[in-house]
K.L.:
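Let me begin by handing over the structure; questions about it come next.
Atoms within a ligand are numbered from 1 in the order they appear, just like the ligands themselves.
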Amino acid sequence: MDKLKEKFKVKAEALNIEIKDIIKTHGDMKLGEYTVAQVYQGMRGMTGMVSETSKLDAEEGIRFRGYSIPELRKQLPKAPGGTEPLPEGIFYLMLVGELPTTEDVSYITNEWIKRSVVPKHVFDVLDRLPVDTHPMTQFSIGVMAMQTESVFAKAYAKGMNKKEYWEYAYEDAMTMISRLPRVAAYIYRRKYKGGVHIEPDHKLDWAANLAHMLGFEEFDMKRLMRLYLTIHADHEGGNVSAHATHLVGSALSDPYLAFTAGMNGLAGPLHGLANQEVLSWIMEMKEFFGGLLPTKDQIADYIKKTLAEGKVVPGYGHAVLRKTDPRFTAQQDFYRTYIKHDDICEIVQMIYEVAPGILESTGKIKNPWPNVDAHSGALLVHYGMHEYDFYTVLFGVSRALGVMASLVWDRATGSAIERPNSVTTDWIKKKIAAEKAVS
Ligand SMILES: CC(C)(COP(=O)(O)OP(=O)(O)OC[C@H]1O[C@@H](n2cnc3c(N)ncnc32)[C@H](O)[C@@H]1OP(=O)(O)O)[C@@H](O)C(=O)NCCC(=O)NCCS
């Protein structure tokens, strides 16, 4: 058994004993009550699942196994000469619950390099799609094409013991993650660079190799990729991509099937596609004001116009967060430290100054502050990646780290098939009438 898997096994056995005891001793403890409004409005605030890898606090933002993003930017191992964490490190942290050493991270880098050869039929499948197919659709189809490689599905078909589920889920997770950068880069080069592909460089770490295969050799873009792929990795379990992966995985669909479900959710404009939306919204605004750097007043007018047209201001608001997203702040810090001046990034800063007040004044938007997507596209454009509709694929490559670590935990802890109740409005009306009759 490989050493990461061995380490996970020890942790999982210990947690399993604890979970059994928690259910036995405290299984009847109430975690909360929920209302009719919550049932209609996206189950907001209802605790309904366990996700070990990260926890979101409404005021403070995300913590991965207890560590905030600023802490991780300092403490996770970096590439030689690098300043941003290697995403391999956050995967290790989410999987085993401990900060990795440089050696632990190198182990994962090498393990992913060993597994990273994408079968030819995956490229053949992608090549059959119309080239203008949305990159997220191509990504989802590319991952589905890799499902032929699932050792979980093969072992299940042969008949495997429940206790072995996690081992095969781990193998699939590791192999799939190792191959995602190649699939993502293939889609990018096929769609925007005339199908001129770039072979992987096995001397590079996971994120730098992605930048390389996309066609970006500058150190700064590799540095950005390391930060980008670290901060987008996970956002506790209830967001659409994490929840969809968990839900589909709960049917014992293999990790490829489960991850694709998550990616189809990430492709929605209220979730991951917002990073594409932010950039096109900024560019439309710039165009609207004659192509020059807009003033704060003009930006404020444009935000009001967007709201008046019944559209959302992309990159603002969140279902859980109630403050500026620390993932936004990390990217703002990256901009100030390494870029210092860029027109689009300056527009992002000006939007940050005016948007919260306007959104708040509507009286209905619960969180007027920026989320992760408000900044990411501007940094990518700065380094020359202008193809907005590709951005969500980068988000997806990163999100694999969190949702796959969670899926391995799901299989290791015997997480049950998800099957909540649903009711009809008629049922709710009868329930309301019955309550009224009693009072
Ligand atoms: C993220 C998001 C989907 C959360 O939705 P939510 O939990 O329902 O948010 P709220 O409870 O604050 O929504 C209350 C109302 O404010 C609106 N609202 C929320 N964020 C808004 C925004 N950025 N611009 C305009 N209206 C917004 C909602 O659409 C909703 O309107 P409705 O009552 O007419 O349906 C929402 O804020 C949004 O659409 N943001 C823009 C897209 C985005 O950036 N997504 C990435 C999220 S990481």
Side-chain angles (χ1 to χ4, degrees), residues 34-48 54 56-62 69 136 228 231-244 262-282 284-285 299-332 347-348 351-378 380 388-389 391-396 398-399 402-403:
Y34 59 93
T35 62
V36 169
Q38 283 172 296
V39 170
Y40 273 107
Q41 293 169 338
M43 300 188 280
R44 217 61 98 249
M46 279 166 56
T47 300
S54 65
L56 185 56
D57 178 86
E59 302 294 319
E60 188 204 38
I62 192 73
I69 285 179
M136 275 308 278
Y228 189 105
I231 63 177
H232 287 78
D234 207 31
H235 220 219
E236 74 168 37
N239 67 76
V240 172
S241 52
H243 188 190
M263 288 305 95
N264 291 340
L266 194 74
L270 295 190
H271 190 22
L273 207 78
N275 57 11
Q276 150 181 344
E277 299 290 302
V278 168
L279 244 287
S280 44
W281 182 78
I282 289 178
E284 276 161 28
M285 167 166 65
I299 292 174
D301 288 344
Y302 199 78
I303 291 170
K304 287 175 194 157
K305 174 175 158 341
T306 302
L307 293 174
E309 287 167 355
K311 299 177 189 160
V312 295
V313 176
Y316 279 75
H318 199 271
V320 180
L321 274 171
R322 294 297 174 255
K323 285 275 163 63
T324 297
D325 190 335
R327 301 172 298 173
F328 175 90
T329 314
Q331 296 179 90
Q332 196 180 37
I347 294 176
V348 168
I351 298 170
Y352 185 34
E353 286 178 49
V354 298
I358 300 168
L359 297 178
E360 198 151 33
S361 70
T362 64
K364 69 166 188 178
I365 299 170
K366 294 193 192 68
N367 177 35
W369 302 103
N371 58 56
V372 66
D373 299 318
H375 212 314
S376 52
L380 294 168
Y388 323 143
D389 57 355
Y391 295 169
T392 312
V393 175
L394 296 176
F395 193 155
S398 172
R399 187 47 59 98
V403 301

K.L.:
Which atoms of ligand 1 sit under 4.0 Å from any heavy atom of Ala274?
P.N.:
43 (C), 44 (O), 45 (N), 46 (C)
K.L.:
What I want to know is whether Val312 and ligand 1 share at least one N or O pair that is separated by under 3.5 angstrom.
P.N.:
no
K.L.:
Run through Lys366, Glu60, Glu59, His235 and flag the one making a side-chain contact (heavy atoms from CB on, under 4.5 Å) with Leu321.
P.N.:
His235
K.L.:
Between Thr306 and ligand 1, find which residue part has any heavy-atom pair under 4.0 Å and reply side chain, backbone, both or neither.
P.N.:
neither
K.L.:
Could any protein non-hydrogen atom be found less than 4.0 Å from atom 2 (C) of ligand 1?
P.N.:
no
K.L.:
Does atom 28 (C) of ligand 1 have any protein heavy atom closer than 4.0 Å?
P.N.:
no
K.L.:
Can you list the atoms of ligand 1 that are under 4.0 Å from a heavy atom of Leu307?
P.N.:
25 (C)
K.L.:
Below 4.0 angstrom from a heavy atom of Val313, which ligand 1 atoms are there? Numbered from 1 as shown, please.
P.N.:
22 (C), 23 (N), 24 (N), 25 (C), 41 (C)
K.L.:
Would you call Arg399 and Asn239 a side-chain contact if the rule is heavy atoms closer than 4.5 Å?
P.N.:
yes
K.L.:
Drop me the distance from Ser376's OG to Leu279's CG, to the nearest 0.5 angstrom.
P.N.:
8.0 Å
K.L.:
Any chance CE of Met46 has more than 12 other-residue heavy atoms, nucleotides or ligands included, within less than 6.0 Å?
P.N.:
yes
K.L.:
Counting heavy atoms only, which part of Ile365 comes closer than 4.0 Å to ligand 1: side chain, backbone, both or neither?
P.N.:
both
K.L.:
Side chain or backbone, does Arg327 bring an N or O within less than 3.5 Å of an N or O on ligand 1?
P.N.:
no
K.L.:
Can you find a heavy atom in the side chain of Pro370 that is under 4.5 Å from one in the side chain of Gln332?
P.N.:
no
K.L.:
Indicate the atoms forming the closest heavy-atom contact of Ala374 with Gly315, along with that distance.
P.N.:
CB-O, 3.4 Å
K.L.:
Under 4.0 Å from a heavy atom of Gly315: give me the atoms of ligand 1 that qualify, with their elements.
P.N.:
43 (C), 44 (O)
K.L.:
Backbone N or O of Gly262 within a donor-acceptor pair of the Ser241 side chain at under 3.5 Å?
P.N.:
no
K.L.:
Taking distance alone, with no angle check, do Leu359 and ligand 1 share an N/O pair under 3.5 Å?
P.N.:
no
K.L.:
Taking distance alone, with N or O pairs closer than 3.5 Å, would you say Lys311 contacts ligand 1?
P.N.:
no
K.L.:
Ligand 1 versus Asp373, non-hydrogen atoms closer than 4.0 Å: side chain, backbone, both, neither?
P.N.:
side chain
K.L.:
Arg44 heavy atoms, cut-off 4.0 Å: which ligand 1 atoms fall inside?
P.N.:
6 (P), 7 (O), 8 (O)
K.L.:
Are there protein heavy-atom neighbours of atom 48 (S) of ligand 1 below 4.0 Å?
P.N.:
yes
K.L.:
Please check if a non-hydrogen protein atom sits closer than 4.0 Å to atom 23 (N) of ligand 1.
P.N.:
yes
K.L.:
May I ask you to list the atoms of ligand 1 that are less than 4.0 angstrom from any heavy atom of His271?
P.N.:
46 (C)
